[in-house]
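Presented below is the structure to which this report refers.
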Amino acid sequence: DAKTTQPTSMDCAEGRAANLPCNHSTISGNEYVYWYRQIHSQGPQYIIHGLKNNETNEMASLIITEDRKSSTLILPHATLRDTAVYYCIVRTRMDTGRRALTFGSGTRLQVQP
Amino acid sequence: GAVVSQHPSWVICKSGTSVKIECRSLDFQATTMFWYRQFPKQSLMLMATSNEGSKATYEQGVEKDKFLINHASLTLSTLTVTSAHPEDSSFYICSAPDREHNTEAFFGQGTRLTVV
């Protein structure tokens, strides 16, 4: 899996957009960007993934730069329940079905009331 | 989405006893499951890969005789912590990948083990 770099922590006001960056400058052409989050004392939860196009689902949006060396996860209207550690993981799609995910330190997002 | 159920959510046991943690895939078959351990304020660390019908593969530094893994069916993997010690107290999490679509991994709720 390509190496990723994320800020250790971020704060966000409730109701505002939370923008979580991730650098993955060594990403390969067939590697996807995956985002997971872990709420305290729970198992991780899949959020979204993308290859090169921007993606949006009911949870978040994923913006990937044109050179694919970085991406941003956007939570459009953060709530207190979005307080969690967010993990950016880069890997091939086939690896998702075969190998365990490797978790870095992630970004601890604290949503403030 | 698919569901992975882990049981129990928490357990307290005495030193020297064994504890079994179950991980079930509820609506899909999981030929492979992964077991992680997470200490406070740390990230998830892979312990072992559980394979249905064959022996588990353990990560370096994980004692296979202490952490017994059994993957007896396509929907159930168990992790048994044998002769538990206080340093085994941790958050244990199982995961099963979506091998049909290769889109995401599904995680159990985790088991908080406290050894006293």
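Naming convention: chains lettered A, B, ... in sequence-line order (proteins, then strands); numbering from 1 in each chain.
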Are B/F91 and B/L113 connected, step by step, through hydrophobic side chains (Ile, Leu, Val, Met, Phe, Trp, Tyr) whose heavy atoms are closer than 4.5 Å?
no

State yes or no: do A/I48 and A/M59 share one hydrophobic cluster built from I, L, V, M, F, W and Y residues joined by side-chain heavy-atom distances below 4.5 Å, directly or via other members?
yes

For B/I93 against A/G43, the heavy-atom pair lying closest together
CG2-CA, 4.3 Å

In the single-linkage hydrophobic clustering (I, L, V, M, F, W, Y; side-chain heavy atoms under 4.5 Å), do B/I69 and B/V19 co-cluster?
yes

Roughly how far apart are B/F106 CZ and A/Q45 CD, rounded to 0.5 Å?
11.5 Å

Quick one: what part of B/Q6 sits under 4.5 Å from any heavy atom of chain A, side chain, backbone, both or neither?
neither

Looking only at heavy atoms, what is the nearest atom pair of B/F34 and A/R99, with distance?
CZ-C, 3.4 Å

Report the distance from atom OG of B/S95 to atom OH of A/Y36, rounding to the nearest 0.5 Å.
7.0 Å

I need the A/S41 OG to B/Q109 CD distance, nearest 0.5 Å.
12.5 Å

Please check if the number of heavy atoms outside B/K20 that lie under 6.0 Å from its NZ is greater than 12.
no

Given 3.5 Å as the limit, does a donor-acceptor pair link the side chain of B/S43 with the main chain of A/G104, or not?
yes

Could you look at B/L46 and say if it's the side chain, the backbone, both or neither that has a heavy atom under 4.5 Å from chain A?
side chain

I need the full list of ring pair (Phe, Tyr, Trp, His ring centres under 6.0 Å) pairs touching residues 80-113 of chain A, with sequence neighbours left out, sorted by first then second residue.
A/Y87-A/F103, A/F103-B/Y36, A/F103-B/F107

CD (B/E104) and CZ (A/R93) are apart, to the nearest 0.5 Å, by 10.5 Å

Group every Ile, Leu, Val, Met, Phe, Trp and Tyr by side-chain heavy-atom contacts under 4.5 Å, then state whether A/Y46 and A/I89 land in the same group.
yes

Linking I/L/V/M/F/W/Y whenever their side-chain heavy atoms sit closer than 4.5 Å, directly or via other members, would A/I47 and A/L20 fall into one cluster?
yes

